[in-house]
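Because only heavy atoms are used, hydrogens play no part in the values below, and waters and symmetry mates are left out as well, while side chains stay in. It should be emphasised that the depicted structure is a prediction, and the values quoted were computed from it without experimental measurement.
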There are 2 protein chains.
Amino acid sequence: MNSLTEENYLKALFSLADDKGEVGVNELSKRLDIKMPTVNSMMKKLAEKKLVFYESYKPLRLTDKGRREAGLIIRKHRLTEMFLVEKMGFGWEEVHEIAEQVEHIQSAAFFDKMDVLLGYPKVDPHGSPIPDKNGKLVWRQYQKLSQSKAGETLVLAAVLDSTTEFLTYLNSRELRLGLKIKIKAVEPFDGSMTVSYGKHTALVLSSTVTERLLVEPAGT
Amino acid sequence: MNSLTEENYLKALFSLADDKGEVGVNELSKRLDIKMPTVNSMMKKLAEKKLVFYESYKPLRLTDKGRREAGLIIRKHRLTEMFLVEKMGFGWEEVHEIAEQVEHIQSAAFFDKMDVLLGYPKVDPHGSPIPDKNGKLVWRQYQKLSQSKAGETLVLAAVLDSTTEFLTYLNSRELRLGLKIKIKAVEPFDGSMTVSYGKHTALVLSSTVTERLLVEPAGT
DNA sequence: ATATAAAGTTAGCTGGCTCTAACAAATAAA
DNA sequence: TTTATTTGTTAGAGCCAGCTAACTTTATAT
């Protein structure tokens with residue numbers, strides 16, 4: 001069994017290793033807001049437990065076991081977020097902090113029950129995929145709204161930032177998952193977009209925002 | 001803010017102090033399965049934080065602040081148990097261990113939401129009262145089934161033992177809260193009782209069992 | 001190619017929570 | 001009332017997960 005602390009390291013490693021698969025100690029240190037020497041010794045400990053590959057001065061990589069365990073924690077986190085929103089009436093901007101705590105609960109039955117009650121959801125309230133029971137996570141092929149062009153019509157599929165602040169901003173603009181958005185214009189200077197959706201006919205989104213929104217072509 | 005460890009000490013102190021209000025270090029040590037010197041130093045720490053009254057060689061007592069904080073943790077525990085049973089479909093024998101973990105979650109909104117969804121319940125699935133938002137707990141005037149006499153008809157109001165083993169035993173006999181039970185006979189030798197309820201016309205309960213069942217007169 | 005900067009490591013310390021061993025006080029028994 | 005037992009306390013140690021300071025290695029810039 002891994003400690004709560006170890007679980008947090010695994011989760012951070014998993015999310016940082018998303019693309020390249022490799023993570024630097026420094027990078028991990030910043031993500032967790034824990035000093036490098038502390039991270040360093042924890043990596044040795046996790047290497048002992050066969051959860052990470054560790055060699056001096058080389059980047060960190062999760063082992064299959066480590067990736068699986070991290071995935072299972074993320075599964076618990078995302079099932080919890082879904083449960084909080086769908087079954088308890090929380091807003092998508094309120095659930096991250098609570099799930100951060102609930103994800104450490106040791107009870108397979110508890111999360112299995114959530115899964116059943118939710119009807120085996122594939123994504124969480126922010127559009128992120130929920131890993132399966134083996135901790136395996138697969139993202140659908142989304143692209144950032146910022147990479148789309150004027151004239152395209154897209155469906156908002158996920159957000160890359162689950163902070164209360166960002167989601168509250170989206171709420172204030174009535175932006176939510178599943179929404180069909182048409183790009184009316186892209187400002188070449190700063191990348192800001194004028195879009196229309198629902199009752200909104202000409203709303204401007206800064207690149208800071210469009211960078212954090214994942215979309216897919218309408219009608220998929 | 002109190003640590004998870006401190007919360008467990010407070011909770012144990014609260015439940016041991018139920019009647020007399022005073023608890024010995026030794027007694028607390030046994031309840032928590034933590035050695036006396038460890039308990040001793042934790043008591044000094046909690047005394048620093050004004051949660052317990054501590055004087056050398058004298059019994060421990062919770063301060064008002066300590067009792068309030070302990071009550072609030074027990075509130076979270078019991079709301080959770082109720083939620084698990086009523087809203088998630090768990091059996092009353094399955095919820096203790098899960099609630100033991102969930103009770104430490106720091107989120108007023110989470111437990112407030114449970115409270116609302118449950119319709120502000122007064123008791124948990126085992127009949128124990130749920131402390132109010134000030135941590136105040138009041139037991140109704142129940143008595144043990146073992147103290148009742150032949151001929152009486154009683155309603156099963158609460159259980160004094162929430163272990164999986166005991167509750168599974170009760171399940172196997174279809175004994176559940178709210179049930180109307182008639183005492184047909186009491187065996188003077190060992191205090192065992194022959195009772196009838198529901199489909200059961202002559203079931204024998206040992207004193208080990210009747211000691212753990214709280215009842216009130218039928219029709220209250 | 002060398003100097004500088006960034007990233008990674010080692011050594012040693014701290015606080016929180018646990019322990020054992022040894023001792024002191026209070027209570028119960030002889 | 002003296003002794004034995006139980007209960008409570010002190011001292012000292014260990015593990016976990018964090019830290020700072022000092023050093024080494026790797027990467028970057030001049």
Side-chain angles (χ1 to χ4, degrees), chain A residues 1-17 19-63 66 69-70 73 100-101 103-104 106, chain B residues 1-14 16-17 19-62 66 69-70 73 100-101 103-104 106:
Chain A
M1 200 43 26
N2 304 313
S3 70
L4 187 148
T5 308
E6 288 167 340
E7 293 199 343
N8 286 332
Y9 278 91
L10 287 174
K11 215 171 31 127
L13 275 170
F14 188 98
S15 75
L16 287 175
D19 33 333
K20 13 180 199 351
E22 294 190 340
V23 186
V25 175
N26 190 37
E27 197 182 352
L28 183 54
S29 163
K30 278 171 184 152
R31 166 67 68 100
L32 291 167
D33 196 23
I34 288 174
K35 294 292 179 293
M36 284 183 47
T38 306
V39 172
N40 195 276
S41 53
M42 180 58 80
M43 288 309 102
K44 290 177 174 176
K45 186 176 172 189
L46 294 183
E48 276 304 314
K49 300 178 80 167
K50 305 286 183 214
L51 294 166
V52 304
F53 292 115
Y54 172 79
E55 283 178 276
S56 280
Y57 297 105
K58 292 220 223 152
L60 305 161
R61 277 176 310 119
L62 281 170
T63 62
E69 304 210 354
I73 300 161
E100 206 70 11
Q101 299 179 64
E103 70 189 5
H104 299 293
Q106 303 292 320
Chain B
M1 201 43 26
N2 304 313
S3 71
L4 187 148
T5 308
E6 288 167 338
E7 293 198 345
N8 286 332
Y9 278 90
L10 287 175
K11 216 172 28 130
L13 235 15
F14 187 98
L16 287 175
D19 31 336
K20 14 179 195 2
E22 293 189 341
V23 186
V25 175
N26 190 39
E27 196 183 353
L28 183 54
S29 163
K30 279 172 184 152
R31 166 66 68 97
L32 291 168
D33 196 23
I34 287 174
K35 295 292 179 292
M36 283 184 45
T38 308
V39 172
N40 195 277
S41 52
M42 180 58 81
M43 288 309 102
K44 289 176 175 179
K45 186 178 172 187
L46 294 183
E48 276 304 313
K49 300 178 80 169
K50 305 288 183 210
L51 294 165
V52 305
F53 292 116
Y54 172 80
E55 282 178 276
S56 279
Y57 296 104
K58 291 220 223 152
L60 305 161
R61 278 177 309 119
L62 282 169
E69 304 209 354
I73 299 161
E100 205 69 11
Q101 300 180 64
E103 71 189 5
H104 299 292
Q106 304 291 321

Spacing between Lys44(B) atom NZ and dA11(D) atom C1', to the nearest angstrom: 11 Å

Considering non-hydrogen atoms only, spot the tightest contact between Leu16(B) and Leu28(B) and give its length. CD1-CA, 3.8 Å

In short, Leu51(B) meets Asn2(B) closest at the heavy-atom pair CD1-OD1, 3.8 Å

I need the full list of salt bridge (charged side-chain N to carboxylate O under 4.0 Å, His left out) pairs touching residues 3-13 of chain B, with sequence neighbours left out, sorted by first then second residue. Glu6(B)-Lys45(B), Glu6(B)-Lys49(B), Lys11(B)-Glu100(B), Lys11(B)-Glu103(B)

Residues which pass salt bridge (Lys or Arg N to Asp or Glu O under 4.0 Å) with Glu48(A), listed by chain and number, not counting sequence neighbours: none

For Val23(B) against Leu13(B), the heavy-atom pair lying closest together: CG2-O, 4.0 Å

For DNA chain D, what residues of residues 35-43 of chain A have any heavy atom nearer than 4.0 Å? Lys35(A), Pro37(A), Thr38(A), Met42(A)

Measure CD/Glu22(A) against C1'/dA27(D) and give the value in whole Å, please. 15 Å

What side-chain hydrogen bond (donor to acceptor under 3.5 Å, both in side chains) pairs are there with at least one residue in residues 27-39 of chain A, not counting sequence neighbours? Ser15(A)-Arg31(A)

Contact summary for Tyr9(A) and Leu46(A), nearest pair of heavy atoms: CB-CD1, 4.0 Å

Listed pairs, N/O of protein and of nucleotides 2-4 of chain D, under 3.5 Å:
none

Considering all heavy atoms of both residues, which atom of Gly66(B) and which atom of Leu10(B) are nearest to each other, and what is their separation? O-CD2, 4.3 Å

Residues from residues 49-63 of chain A sitting under 4.0 Å of DNA chain D, heavy atoms only? Tyr57(A)

Euclidean distance, atom CG of residue Leu28(A) to atom P of dT9(C) [Å, nearest integer]: 12 Å

Roughly how far apart are Lys58(B) NZ and Glu22(B) CD, rounded to 0.5 Å? 9.5 Å

Rounded distance in Å - CD (Glu6(A)) to P (dC15(D)): 16 Å

Close side-chain approach of Met42(A) and Ile34(A), heavy atoms under 4.5 Å: no

